Amino acid sequence: MTAVSRSLLPGSTLMLNTDFVNLKSYENKNADVLALTEKKGGMHMLYVSELHKSYRTGSRTYEVLKGVSLNVEKGEFVAVMGPSGSGKSTLLNCISCFIPYESGLITLSGEKLSGLSEEALAKVRNEKLGFVFQDFMLLDGLTVRENILLPRIIHGEVTADGEKNADRLLKLFGIDAIRDKYPAEISGGEKQRTAVARALINNPLLILADEPTGNLDSRSSRAVIDSFMEARHSLDATIFMVTYDSFAASFCDRVIILKDGTVFRTLENKGSRPEFQGQLLNMIKEMSGDDI
Amino acid sequence: MALGAGKRSLAGQLFRELFTAMAVPALSGIVLGPLFTLGIWQIFRLFLPDKEGTVLSFTPFSLIICAGFLGASLLLCFLFAIRFISRTNILDVVNEQRKSEPIRDVRSWYLPAGIFLIVFGAAAGYGHPWFFKAVFGIFSPVWANLLYLSILPGIYLIILFLVILGKRSRKHPYRKIIPRSMMKFQGRQTVNNMLIMTLLTARACFAMFYIPLLASGNFFATNAWEKDFSMRLRADQDMPDREEIEQLAEEYRLTVENWAEAPMIVLGEDGTGEDIDENGKYVYQYHEVISDCIAISASGYEALTGEHLDLSPGTYDECISQDSAYGPDTGTTLITNMVTGAALDVTYGTFHYSHTLSGFTVLNDEDFARISEGLDDSWKETFVQFDADDADSPYGPEDEYRFSQALRERLVAASSGAGMDSSYYSRAAKTYCDVHGEIYWADNEPASSVHFSREDADSFQFWSLWKYKPYFRVMEQNNFFMNMAILFLTFLFMAVICYTAALIISYTRSITVALSNRQVYEDLIHLGAGNEFRFRSVRQQLSKIYSLPTILGMTAITLFFLMILFANDGRISLSEGVGMGVCMVIMLILGAIIFLFYRRTLKTVCRMLDIRTSRV
Ligand SMILES: Nc1ncnc2c1ncn2[C@@H]1O[C@H](COP(=O)(O)OP(=O)(O)O)[C@@H](O)[C@H]1O
Ligand SMILES: [Mg+2]
């Protein structure tokens, strides 16, 4: 009972009602609760409920995520903000099943990933998820265009369709001129735009971005954020980004603030971007004020 | 490495580590080397006919060589270390580790260019003496041997091409792009290592190939001899006669069969000498007596072979062996009795195949009698050949071997003076030169290089170059391995060392590939690369590291040997073919060893990268 009620998120009142109504009839039967939440998760592109994750170092155990719940809808651009070490990367790694977690439920478009076999998981990561990392993670020996095609290459074949898609993304993100250059020969912003294009090559359900602007100056950051906006606008992509950067986050539809291993607050972007960024900065100030 | 650490303490630490890293393997090498040699020698002794006569000895000199080598490598290492330490900025050193040398542009012409350079290098390196002689009429200069070196860039280009570019299939241009791109990013180092591995493999094969080729040559040659025993007996020395030989054979429970003998004389024959003047230019000069002509009469030939020859006066026939590289000597026009000076004009008739008589000249009976007139015993010999039947001996071939040795000892003991000449030395030519006040080439050489002494009787030199070397089949076959022992040991040593080195380099290269790509493989998981995909990518890289140098090295050396075997007489003889066949088998075995090694490495690397290898 408590588990479900904690998953309630600000700004999703509708969910609260369904939850409440349905749960009544199922009482505390755990399996049924799970089945229910799974069904409910199906309504969202990404659904995370009551995620618990701790790391063990030596004899001590650190709980990093203490019941994180959130959701992302199709076509949304959502950011998770939190200070360094608050568990943002951990959250993303749990979502992509890159690391195991103790409890909680994660579904991607209704599909539970944690039970999948390794090869099936690889398939999901390849076809349904797109990744963008802070340090780009481009393959040094491949050109920009080949890097964009990498998920297709991993998939096993590069169709004419795939190549056309790559060329379209190259143009869309303004990196067509450097298509045959190697990562070592291009700027950080160009690298990250290449990474965004790579994340989009398979038309994934969801893009997971881990501090994509963390290593970039403000101009390059802007270009990368623009490419996210462009992806959402013209490709209807769903983007879930974790970041420390209030500027980057201020472009999002919704920003989830992570603190002490739980969701502290969710802010919605209703006004202009600078206004929203001001709101975010205030929130951060308030948060650190709490700490002191 | 703490950045704050002082350069001095860093240097001290580096030198200490370097010293232990060098000294430990060096010392163990010095200890294990002789043990290893001893091991090989013990195996070898199993095949030796004369276990007491041959002993392995270690000279202190080998230790001096070891010490010299160790000193040189230590010096080099420390020089590099000093250079490394003396960099102004320690950060340079740190950055050095991150710097890799990617290879950018590999063009498709690298492959044909590489093949061309290899073929050119091999052909030019091997064929330059012929070329310079034919075109410029000069002895080819020493630097021409450097032409071989063009093989190196050739192999380099081919490896570059195969590692980086490969042949991209039109249908699947992206198939192997990921492992290839990783290799590309490893860059020059990988290619350099592979070049060295190729050379080591080739060197190892080169060493290994000699043995089967020599052995098969020996086997075929000795088996083709018409008789078990054949020898030249000088008339002026106390040589055994038929009775004595038969008696000696009886002592070893053998029966002498198919005895045949014929009188033989040594004359002078004319010819055109090829010489090199001070300028390295070839000069040709006709000499009335240029070398020995070892002659038998037509009836002598019939006595030895059973074949009747009709030789017209003034013509001569030549005997050659079936696998002769040069064919019969057809150019003689004049033969001379070196005692009386009487000469006979002759023309070449034809040739006859015979292994035991190869090199002998057959004259018409009347010519033979006439030109023999006035020869003293020092120019006369008897050629003897026979078989030995060991049917009565319980020890068979062993008795035959011991009889051979006894007979050989008897022959050596009876030989002195001109009877101990080297086969290079022509007594006829020397006599002619003396009479005409000319200088014979051997006059400028130390006497010991053209005449043997009794003490040389056990040496390899004597056994292969003695002019009156008897041909005893059993002994020849048994002694082959003994005579080749040192050669064999050396070659085996080189092969083992080269092979081990190649394997170690392959292994470390593979591990480096794994370590430097750890992050990439982790990233690939994020991008949806399953276990199978990552496994294949690792396998493709490692298999290239192992297979390319192996295949290139083995192919190169095989082609090189075929070229040499073909070039020496314009064909690949049966014995050479069989020898090469054995070499192929050896290469298969080596290939199998490398394959097993590769599988082990693959497992290790996969474990390092958290890749499951259930299928391996
Ligand atoms: N593999 C790990 N083992 C132990 N502790 C870890 C591991 N990964 C992360 N942590 C710890 O978990 C906390 C959250 O890390 P992370 O998710 O990377 O934070 P963020 O991405 O928000 O900076 C940090 O305190 C970090 O030290
Ligand atoms: Mg992080």
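Numbered from 1 within each chain, the chains take letters A, B, ... in sequence-line order. Remember, predicted model here, so these are calculated numbers, not experimental data.
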Among residues two or more places apart or on two chains, list those pairs meeting side chain to side chain donor-acceptor pair (under 3.5 Å) that have a residue in residues 161-175 of chain A.
->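 Of all non-adjacent pairs touching residues 161-175 of chain A, those that pass side chain to side chain donor-acceptor pair (under 3.5 Å) are A:Arg145-A:Glu163, A:Arg145-A:Asp167, A:Glu163-B:Tyr174, A:Asn165-A:Arg168, A:Asp167-A:Arg179.
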Hey, could you give me each pair passing ring-ring contact (aromatic ring centres under 6.0 Å, His included) that has a residue in residues 536-557 of chain B? Not counting sequence neighbours.
->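 Those involving residues 536-557 of chain B are B:Tyr546-B:Tyr598.
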Is the number of heavy atoms from other residues, nucleotides or ligands within 6.0 Å of CZ (B:Phe597) greater than 12?
->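 For B:Phe597, atom CZ is crowded (more than 12 foreign heavy atoms under 6.0 Å).
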Would one find more than 12 heavy atoms of other residues, nucleotides or ligands at under 6.0 Å from atom CZ of B:Phe80?
->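 Counting other residues, nucleotides and ligands, CZ of B:Phe80 stays at 12 neighbours or fewer.
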Separation between CD1 of A:Ile154 and NE2 of B:His526, rounded to the nearest 0.5 Å =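 Nearest 0.5 Å value for the CD1-NE2 distance: 12.0 Å.
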Distance, nearest 0.5 Å, that separates CG of B:Leu527 from NE2 of A:His155 |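 So the CG of B:Leu527 and the NE2 of A:His155 are separated by 14.0 Å.
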Note, B:Ile525 side chain near A:Glu118 side chain (heavy atom, < 4.5 Å) |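 No. Closest side-chain heavy atoms not under 4.5 Å.
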Considering only heavy atoms, give the residues of residues 119-136 of chain A separated from chain B by less than 4.5 Å, sorted numerically, with 'none' for an empty result.
->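 So far as heavy atoms go, A:Glu119, A:Ala122, A:Arg125, A:Asn126, A:Phe131, A:Phe133 are the residues that approach chain B to under 4.5 Å.
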Do any of residues 199-214 of chain A have a heavy atom less than 4.5 Å from a heavy atom of chain B, and if so, which, in residue order?
->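 From residues 199-214 of chain A, none sit under 4.5 Å of chain B.
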B:Glu522, part contacting chain A, at a heavy-atom distance under 4.5 Å =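 Both parts, heavy atoms under 4.5 Å.
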Is it the side chain or the backbone of [X] that comes within 4.5 Å of chain B heavy atoms, both, or neither?
X	value
A:Leu150	side chain
A:Arg198	side chain
A:Leu139	side chain

